[in-house]
Each structure stands twice: as structure tokens, then as C-alpha cells.
Protein chains: 2
Amino acid sequence: MNASRSSAAVEDYLERILELINTKGYARVVDIATSLGISQASVTNMVQRLDAEALLKYEKYRGMVLTTAGETLARNIARRHQLLTDFLKLLGLDERVIEHDVEGMEHHISPSTLRAIEALTAQLKRRPALLARLSKQRGAVS
Amino acid sequence: MNASRSSAAVEDYLERILELINTKGYARVVDIATSLGISQASVTNMVQRLDAEALLKYEKYRGMVLTTAGETLARNIARRHQLLTDFLKLLGLDERVIEHDVEGMEHHISPSTLRAIEALTAQLKRRPALLARLSKQRGAVS
DNA sequence: TAATTAAGTTAGCCATGCCTAACTTGAACT
DNA sequence: AGTTCAAGTTAGGCATGGCTAACTTAATTA
């Protein structure tokens, strides 16, 4: 009934589930739990909720498949994550920092802001001199 | 005892409290509540917690003052907020979108990422041609 | 087929941060 | 001094999203 707004938690789950399906072909409760660093019980709970919200189809003890809505949403989330990561990489930041910051920020970026960052990233990629100056300016450290 | 990590909520409160003190000279529970769009009861609660965490000194029914630690923290939060806002403004985004996104993202940006964005902003300010191209590239709309 | 065990589920609990309703405090005015 | 009322506080509750402990399911293997 409620197709309102996905919470950060929902987005995190969908992102990992899609990733697992893409790499392993399926997403198990135990793998989602490990990947997110939380308990299996928490995953079971959320997966049942995602089923109720029609973002995936879940059969107890069996497995899950993303619905069309769920897959579309998950793809958008993954794309946003990738774009933000690319942008921060361009700025020469440390991998760990990038991962941490992207995981925090990604749930709060509007489509228009994302488009702007995407365009900026594209422009920056053509200006290595500018990027070099950036690194120098702040000490070349992440 | 616990100088660990501030939650997003704590940061939001400190930011508003500093702002109120800067503009009105003092921060009252009712003003903080209005400014954050939450109930007075919630504010009372948090203010007592911030007192316990030594980020401010609070006397019931009287008033509050930021401690040195609290003020330093608040200033850093405000600065981060300003830098992010400046950056997004440069990209030509809508004010509302900027406010929304900054409020969401600000709690998740590492110091190093902030420095990088600061340096990038400084460079971009000198390249209006690049910024113009950006707007054209994505349709000139926010 | 029976036993073992990894995977999954359920029940009940906790912290955070919000809420409303009801009560208290203190400032301001008569 | 007493009344009034805005500001502040307290109590109790709710949603989200975690947790552990105990139980169930199903796959594997002897």
C-alpha cells in the first residue's frame, strides 16, 4: 500500500541484495547479514518487510527475487553510489574515506544534485591540470 | 564521560543553538523547537542530554550556554554546512534542493572530503566558463 | 533413513529520537 | 499578593532498526 519513501536502511538492503544477485546469482539471508555487518535475525525481519512492500518476493526458508519495482529502485541506488564514488575518487581521496562518506551521503542526494555532480565529474575528467592543482593545494594527502 | 561521536541529531541541535545565539544572543527551548520543526518536549530532552555530555551548560527554566567544547563543535558543524552549501550553489542548484541535501549529507562528510570539496570550490570559482558549460550540459535547470 | 549442522525464524529486548497530554515554573500585569 | 499565560518539564508512548537466545527447517552425510 505504501510506496512512499524508502528509508536509508531499505536502500542499503536493496543495494546489497542486488549486488549479491549480480555476483553470486542469489541473495541469502546469511550473506546479506555478513555483507552489511548485522545479524541474520535483523535481515530476516527486513526481508519480510521488503516483501510486504513488494520490493521483492520472498519465500520463507527458500529465497528471494527482486520485483520489477525493487530492481529498478536498487539499480538507481547502485548508480547513485557509483557516481558519488567516481566523483570522490577524482578528488584523490582515500578509498576507505570514500566508502565511508558515500555510504553516509548517498541516501540524501536529490536527483538534480546527482545530475549536477555527474556533469561536474565528466568535466573534471577532461581537466587533469585542474585536478592536479587541487591535490597540490590541499597537501596531496587524502 | 563519553566524548565519542555525535549523532546527526546532536549536530543538528548544536548547529541551531549556535545560530540562535549568534542572531538573538540566546537560545530558548521554544525557539530551538520551532527552528527544527519539533516539539518543545523533544528539545528539553536533548538539551538535558547535551548538558550531560558537557556540550552546553543548562539551568532548568533558565537558559543555556555552549561550553568551549560545544562551541568548537558547533562552529565546525556550521562551517561544514556552509562549505557544502557554497559548493552546491556553485553548481547552480535550486535553494530548496541545496538545503535539503546539505541537511542530509552534512553529518556524513569526513574532514578530508570536506577539504577536497573546499579546494574544488575555490578552483571552480575561478572557472566560470566551466561552470557555464556544466549548466548547459545538464539542461540549465536545477 | 537417521543424525548433524548450517541457515533461517521467532520472541522479546534495547537505544534513539520523536510525539502528546498533563503538570510546573516564572514573568508580567492588576 | 494574586492571577494569568507563555515557556518549560515530565511521564508515558511509538516507530525504526538494531540485538541475543532459543527454536525450526532443510540439506548433507554417514
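Lettering follows sequence order; numbering is per chain, from 1.
- Between A/L131 and A/R127, the closest side-chain pair of non-hydrogen atoms is not below 4.5 Å.
- Distances shown here put a side-chain N or O of A/R49 below 4.0 Å from the OP1 or OP2 atom of D/dG17.
- Rounded to an integer number of Å, the gap from B/N45 CG to D/dT9 C1' is 10 Å.
- Not one side-chain nitrogen or oxygen of B/S7 sits closer than 4.0 Å to the OP1 or OP2 atom of C/dT16.
- Under the 4.5 Å side-chain criterion, counting only non-hydrogen atoms from C-beta, B/I77 is not in contact with B/H81.
- In this structure, A/M46 places its CE atom 16 Å from P of C/dT10, rounding to the nearest Å.
- In this entry the distance linking CG of A/L50 with C1' of D/dG17 reads 12 Å, nearest Å.
- B/H108 is linked by a ring-ring contact (aromatic ring centres under 6.0 Å, His included) to A/H108, counting only residues two or more places apart in sequence or in another chain.
- Of the candidate nucleotides C/dG8, D/dT10, C/dA11, D/dT10 has the atom nearest to the side chain of B/T44.
- Residue A/S39 places none of its side-chain N or O atoms closer than 4.0 Å to OP1 or OP2 of D/dG18.
- For the pair A/Y13 OH and D/dT16 P, the interatomic distance rounds to 14 Å; values are reported in whole Å.
- Between the C1' atom of D/dT16 and the CD atom of A/E11 lies a distance of 15 Å, rounded to the nearest Å.
- Listed nucleotides: C/dC19, D/dG18, C/dA27. Nearest to the side chain of B/S42: C/dC19.
- In terms of phosphate contacts, B/Y58 brings a side-chain nitrogen or oxygen within less than 4.0 Å of OP1 or OP2 of D/dT9.
- Atom CD1 in B/I38 sits roughly 16 Å away from atom P in C/dT16 (whole-Å rounding).
- B/S39 places a side-chain N or O within donor-acceptor distance of the main-chain N or O of B/S42, the cut-off being under 3.5 Å.
- One N or O on the side chain of A/R80 and one on the backbone of A/E106 form a donor-acceptor pair closer than 3.5 Å.
- Annotation: proximity of residues 14-26 of chain A to DNA chain D (heavy atom, distance under 4.0 Å) is found for no residue.
- In this structure, A/E59 places its CD atom 22 Å from P of D/dT24, rounding to the nearest Å.
- You'll find that the side chain of B/A9 is closest to C/dG17, out of C/dG26, D/dG17, C/dG17.
- Of the residues listed (B/I17, B/I32, B/T34), the one engaging B/V43 in a side-chain contact (heavy atoms from CB on, under 4.5 Å) is B/I32, and it is the only one.
- A/K60 has no side-chain polar atom (N or O) that falls below the 4.0 Å cut-off from OP1 or OP2 of C/dA7.
- Test A/V97, A/D94, A/D101, A/L88 against B/S112 for side-chain contact (heavy atoms from CB on, under 4.5 Å) and you get one pass: A/V97.
- With hydrogens and angles disregarded, a donor-acceptor distance shorter than 3.5 Å links the side chain of B/T67 to the backbone of B/A54.
- The side chain of B/Q48 sits closest to D/dT9 out of C/dG17, D/dT9, D/dA21.
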### Task
Summarise how protein sits on nucleotides 1-7 of chain D as a single string, 5' to 3': B when a protein heavy atom is under 4.0 Å from the base, S for sugar-phosphate-only contact, - for no contact.
------S
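- Residues B/E15 and B/E103 form no side-chain contact, since every pair of their non-hydrogen atoms from C-beta on lies 4.5 Å or further apart.
- Between the CZ atom of A/R62 and the C1' atom of D/dA26 there is a distance of 7 Å, rounded to whole Å.
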### Query
So A/E118 and A/R79, side-chain contact (heavy atoms from CB on, under 4.5 Å) or not? Walk me through it.
CA-CA 11 Å; A/E118 190 181 4; A/R79 180 164 171 279; 3.0 Å; yes
